[in-house]
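Down below is the structure, laid out as structure tokens.
What you see is a predicted model; the values in this text were computed from it and never measured. The first residue of the sequence shown is numbered 1, and numbering continues consecutively from there.
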Amino acid sequence: MGKKGKKEKKGRGAEKTAAKMEKKVSKRSRKEEEDLEALIAHFQTLDAKRTQIVETPCPPPSPRLNASLSVHPEKDELILFGGEYFNGQKTFLYNELYVYNIRKDAWTKVDIPSPPPRRCAHQAVVVPQGGGQLWVFGGEFASPSGEQFYHYKDLWVLHLATKTWEQVKSTGGPSGRSGHRMVAWKRQLILFGGFHESTRDYIYYNDVYAFNLDTFTWSKLSPSGTGPTPRSGCQMSVTPQGGIVIYGGYSKQRVKKDVDKGTRHSDMFLLKPEDGREDKWVWTRMNPSGVKPTPRSGFSVAMAPNHQTLFFGGVCDEEEEESLAGEFFNDLYFYDATRNRWFEGQLKGPKSEKKRRRGRREEPEGGSKLACGGAGTQAPVEVVKELVTEDGTVVTIKQVLSAPGSAGQPQSEDEDSLEEAGSPTPGPCPRSNAMLAVKHGVLYVYGGMFEAGDRQVTLSDLHCLDLHRMEAWKTLVEMDPETQEWLEETDSEEDSEEVEGAEGGDEDENEDSGEESGAED
């Protein structure tokens, strides 16, 4: 009894501390957010000049990270919205909407009147009702210098059937934030975590909100049990049993004046209705088995076939005195909620045409078979790329292609066939903050970023991988990082440049480490 009371008091104390911090952050950030509101209003005025829907065939979108890539529920299309780009001097934010037609391998830019303001690190969730709806909440806008931030708390819906944006105004929702996570659960949107940052302060969240898609109302959930500590950039996915899994994420704490310590979380929790009631929820700590991802931030997540959660890439920054060394990843992991087990995704390499089971029909050209190589040797293959920065620094990017065999993936229906060693062809290079989507069992990876010395390389390439076959990556859009413009920092920027730069940009978080940028969003 005494222990329980002590725990409850401790919990209430933590809540008060968090409330005080939020008030402090809110007060200090109000002024800079007011400055940015004027800039946002300027861009909304420009957007308001659009009076009709214009669909324009176009080349692939420009490089970006922290955008959203969503699957159309009825068509073979991917929907890209928002994102950010940093060229060394300015950050650029976007509110453009692009549609990728999978069958035609073609991009279309869709200009729609009155879109949401420019943003990155938001969350977008597609639901099937009404011919398909894309719901977008929150995210952030930054000054072109990347030193001031505005965190949105608005909710928008894109009606896919009519191609119209609508802002849904409802009280009682989450505070302004970015790096949060949101999923569709039955007839609700469930939102968890995120962070809010001003020039001097920041706060991370572990609160949970539900938005009812029938009544258009927000409610704050108060789950029982011990849940995750505050964090952003975590994995959030719905299990076949109707629960919601939270894994990993990133947070930082101030250990002394002007010194922050970052934490890459690697714990897992399950949020589920208690006793089947949708108004009462409970947290449970989970201890999955199998081969878990190494601790990292900036990873990307999508739902794979068989209700598995797919985990890709990310970055692990080693913080040392006055320096940061980041290791970027391009590996794949799968989490099977039914078995509460992690599996490492390994490519098997292209199959030999000669050794198919007799009587099996040949696959027509243009089918789902992927032509680009994966690892086909018996040992992992290391592919090394070298990138020369403008100052002459040679940065080496190492990429390890897995050996044949697909851990966590069901065996091929053609179990008798043998694999032939194929020449290793790299798929997406190591990166963080990429955009993922899965359609018809095929994974699509677009964009993201990696660091080369002091330079941030933002990507615009597009790759796909058949998750049923796990044979090889296929490159749909190539990009040569060496062709990307990179401007050295200057001591001052003109006001006119501020407006020009912000017209498309924001670096997720202007923090000391590239990891944090990737981690939180």
All side-chain contact (heavy atoms from CB on, under 4.5 Å) counterparts of [X], not counting sequence neighbours:
| X | value |
| --- | --- |
| Thr226 | none |
| Pro230 | Tyr204, Asn206 |
| Val71 | Leu78, Ala437, Lys439 |
| Thr239 | Gln241, Val245, Leu270, Ala337 |

[X]: side chain to side chain donor-acceptor pair (under 3.5 Å) partners, not counting sequence neighbours:
| X | result |
| --- | --- |
| His463 | Asp461, Thr475 |
| Asp331 | Arg296 |
| Ser460 | none |

Original post:
How long is the gap from CG on Leu462 to CG on Leu476, to the nearest 0.5 Å?
Top reply: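 Spacing of CG (Leu462) from CG (Leu476) equals 4.5 Å.
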Original post:
Got a sec, which pairs hit salt bridge (charged side-chain N to carboxylate O under 4.0 Å, His left out) with one end in residues 215-235, sequence neighbours left out?
Top reply: Arg231-Asp267
**OP:** Not counting sequence neighbours, list each pair that qualifies as a salt bridge (charged side-chain N to carboxylate O under 4.0 Å, His left out) and has a residue in residues 125-139.
**Re:** none
Original post:
Mind checking what makes salt bridge (Lys or Arg N to Asp or Glu O under 4.0 Å) contact with Asp214, not counting sequence neighbours?
Top reply: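 Salt bridge (Lys or Arg N to Asp or Glu O under 4.0 Å) check on Asp214 returns Arg187.
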Subject >> Any residue meeting salt bridge (Lys or Arg N to Asp or Glu O under 4.0 Å) with Lys280, in chain and number order, not counting sequence neighbours >> reply: none
When the side chains of residues 127-135 are checked against the rest of the protein, which donor-acceptor pairs come out under 3.5 Å, sequence neighbours left out?
| unit_1 | atom_1 | unit_2 | atom_2 | d |
| --- | --- | --- | --- | --- |
| Gln133 | OE1 | Trp135 | NE1 | 3.0 |

